[in-house]
Amino acid sequence: MTDATSLFRLNKFISDTGFCSRREADKLIESGQVKVNGQVAVVGTKVAADDKVEVAGKPLKNKPRRVYLAYHKPVGITCTTELHVKGNIVDAVQYPERIFPIGRLDKESEGLIFLTNDGDIVNKILRAGNAHDKEYVVTVDKPIHDNFLKKMAAGVPILDTVTLPCQVTQKSRQTFNIVLRQGLNRQIRRMTEYLGFNVTKLKRVRIMNVRLAGLAPGQWRELTPVEMAELEAMLLTSSKTEEASKLGGGAYQDEE
């Protein structure tokens, strides 16, 4: 007997294989084109992982393995899945399965970015209101002073808003470390420009619990089981909805 906790709604089961959306799956079910173990299904049917599901007379492919990659994006790579764009991130990574980036880094920036085939995790990480740390090391074009550090940390008026308070630490004469829980468009570059500085190098070195260390530019690796367990624990209370965006004072964490 199958445990009820291991059953899935048929429309989600179909959608998770990448065949179509849940809404489209419901239409296929309503039109009698879906069978489960040889029987015509109805909307609301629940299935187990080992059930045989057919759509329009053809067996449904198994749900793909979930992929989570950490990639050191080099300067010059564009975070888009549009293959006609020269230097797109998909061609750069050359992963054998369909994946897409979570968020973005500007073409002239480098550092850590996640790629995945798991749409459920994307909004949980990106929504600004979920307040997940992203850490950067930034070099500017002239010496840093205490007033600059204090203003960066307190909040800077850009894009018709004021950036949220953040952690800023000086690392060297012209380099500082900044931890954001917000992700306005080109946020760090706009903040520094407002204060009279220009970014000459920007590298993202951490997203939540995952660090860039050990990856050379252009290299990628799969997240470890320990990293995934920690990440999932951090995401347990995260929302995928627009409300999380509003709480964070912006749309997606889609920086930098």
Side-chain angles (χ1 to χ4, degrees), residues 1-69 79-84 89-90 93 95-104 113-132 183 208 222-223 225 227-248 250-254:
M1 183 176 178
T2 303
D3 189 332
T5 61
S6 64
L7 295 176
F8 309 89
R9 287 185 64 90
L10 181 56
N11 60 354
K12 183 178 188 303
F13 185 92
I14 295 171
S15 175
D16 281 351
T17 68
F19 186 87
C20 63
S21 69
R22 292 191 197 186
R23 182 174 296 179
E24 291 168 335
D26 278 334
K27 291 179 180 178
L28 291 170
I29 297 167
E30 288 172 353
S31 65
Q33 296 185 66
V34 181
K35 291 183 178 181
V36 177
N37 299 327
Q39 300 296 315
V40 176
V42 296
V43 174
T45 295
K46 292 188 176 182
V47 295
D50 57 353
D51 283 333
K52 180 182 177 183
V53 178
E54 296 174 84
V55 179
K58 296 182 179 179
L60 197 64
K61 292 181 179 179
N62 292 332
K63 182 177 176 180
R65 180 180 71 92
R66 303 242 169 160
V67 175
Y68 307 94
L69 304 184
C79 293
T80 179
T81 57
E82 296 182 14
L83 300 182
H84 68 273
I89 195 169
V90 176
V93 174
Y95 196 75
E97 300 173 29
R98 177 184 174 273
I99 55 172
F100 46 87
I102 301 179
R104 68 188 295 273
I113 187 165
F114 293 156
L115 295 103
T116 186
N117 61 356
D118 179 6
D120 287 341
I121 202 172
V122 174
N123 282 350
K124 286 187 175 184
I125 291 178
L126 292 181
R127 290 293 182 188
N130 290 332
H132 300 309
M208 301 171 69
E222 294 200 10
L223 298 189
E227 287 172 332
M228 281 307 305
E230 292 174 347
L231 189 65
E232 288 170 352
M234 296 169 78
L235 293 173
L236 277 177
T237 58
S238 294
S239 172
K240 296 184 291 183
T241 66
E242 188 67 24
E243 283 69 23
S245 172
K246 294 175 182 176
L247 288 170
Y252 290 100
Q253 287 192 2
D254 199 11

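All heavy atoms count here, side chains included; hydrogens, waters and symmetry mates do not. We number each residue from 1, following the sequence as shown. None of the values given here were measured: they were computed from a predicted structure.
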Please evaluate residues Phe13 and Val53 with respect to the criterion side chain to side chain contact (heavy atoms under 4.5 Å, CB included), reporting the C-alpha separation (whole Å), side-chain torsions for both, the decisive distance (0.1 Å), and the verdict. CA-CA 9 Å; Phe13 185 92; Val53 178; 3.6 Å; yes
When you look at Leu235 and His132, which way does the side chain to side chain contact (heavy atoms under 4.5 Å, CB included) test go after all the steps? CA-CA 9 Å; Leu235 293 173; His132 300 309; 3.5 Å; yes
Ile113 vs Ile89, side chain to side chain contact (heavy atoms under 4.5 Å, CB included): CA-CA, chis, key distance, verdict: CA-CA 10 Å; Ile113 187 165; Ile89 195 169; 4.0 Å; yes
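Contact of the Ile125 side chain with the Phe114 side chain is registered, since non-hydrogen atoms from C-beta on lie closer than 4.5 Å.
Atom CD1 in Ile99 sits 8.0 Å away from atom OG1 in Thr116 (nearest 0.5 Å). Taking CD from Glu24 and OG from Ser15, the interatomic distance works out to 9.0 Å, rounded to the nearest 0.5 Å. Rounded to the nearest 0.5 Å, atoms OG1 (Thr45) and CG (Leu7) are 11.0 Å apart. Atom-to-atom distance recorded for Phe19:CZ and Leu60:CG is 7.0 Å, nearest 0.5 angstrom. Remark: Gln39 CD to Asp51 CG distance equals 12.0 Å, nearest 0.5 Å.
When the salt bridge (charged side-chain N to carboxylate O under 4.0 Å, His left out) test is applied to Glu222, the partners found at least two apart in sequence or on another chain are Arg65. Every residue meeting the side-chain hydrogen bond (donor to acceptor under 3.5 Å, both in side chains) condition with Asp118, not counting sequence neighbours, appears here in chain and number order: Arg66, Tyr68. Remark: Asp26 pairs with Asn11, Ile29, Val43 by the side-chain contact (heavy atoms from CB on, under 4.5 Å) rule, at least two apart or across chains. Remark: Asn117 pairs with no residue by the side-chain hydrogen bond (donor to acceptor under 3.5 Å, both in side chains) rule, at least two apart or across chains. Annotation: side-chain contact (heavy atoms from CB on, under 4.5 Å) contacts of Glu54 (sequence neighbours excluded): Lys35, Lys52. Scanning for side-chain hydrogen bond (donor to acceptor under 3.5 Å, both in side chains) contacts around Lys12 gives Asp16, with sequence neighbours left out. Scanning for ring-ring contact (aromatic ring centres under 6.0 Å, His included) contacts around Phe100 gives an empty result, with sequence neighbours left out. With sequence neighbours excluded, the residues that form a side-chain contact (heavy atoms from CB on, under 4.5 Å) with Val90 are Thr81, Leu83, Asn88. Every residue two or more places apart in sequence or in another chain that forms a side-chain hydrogen bond (donor to acceptor under 3.5 Å, both in side chains) with Glu230 is listed here: Asn209.
Shown here for Thr80 and Glu82, the closest heavy-atom pair between the two residues is OG1-N, 3.1 Å. The heavy-atom pair separating Val36 from Ala41 by the smallest distance is CG2-CB, 4.0 Å. Between Cys79 and Arg104, the closest heavy-atom pair is CB-CB, 3.8 Å.
For Glu97, the CD atom counts as densely surrounded, since its 6.0 Å shell holds more than 12 non-hydrogen atoms of other residues, nucleotides or ligands.
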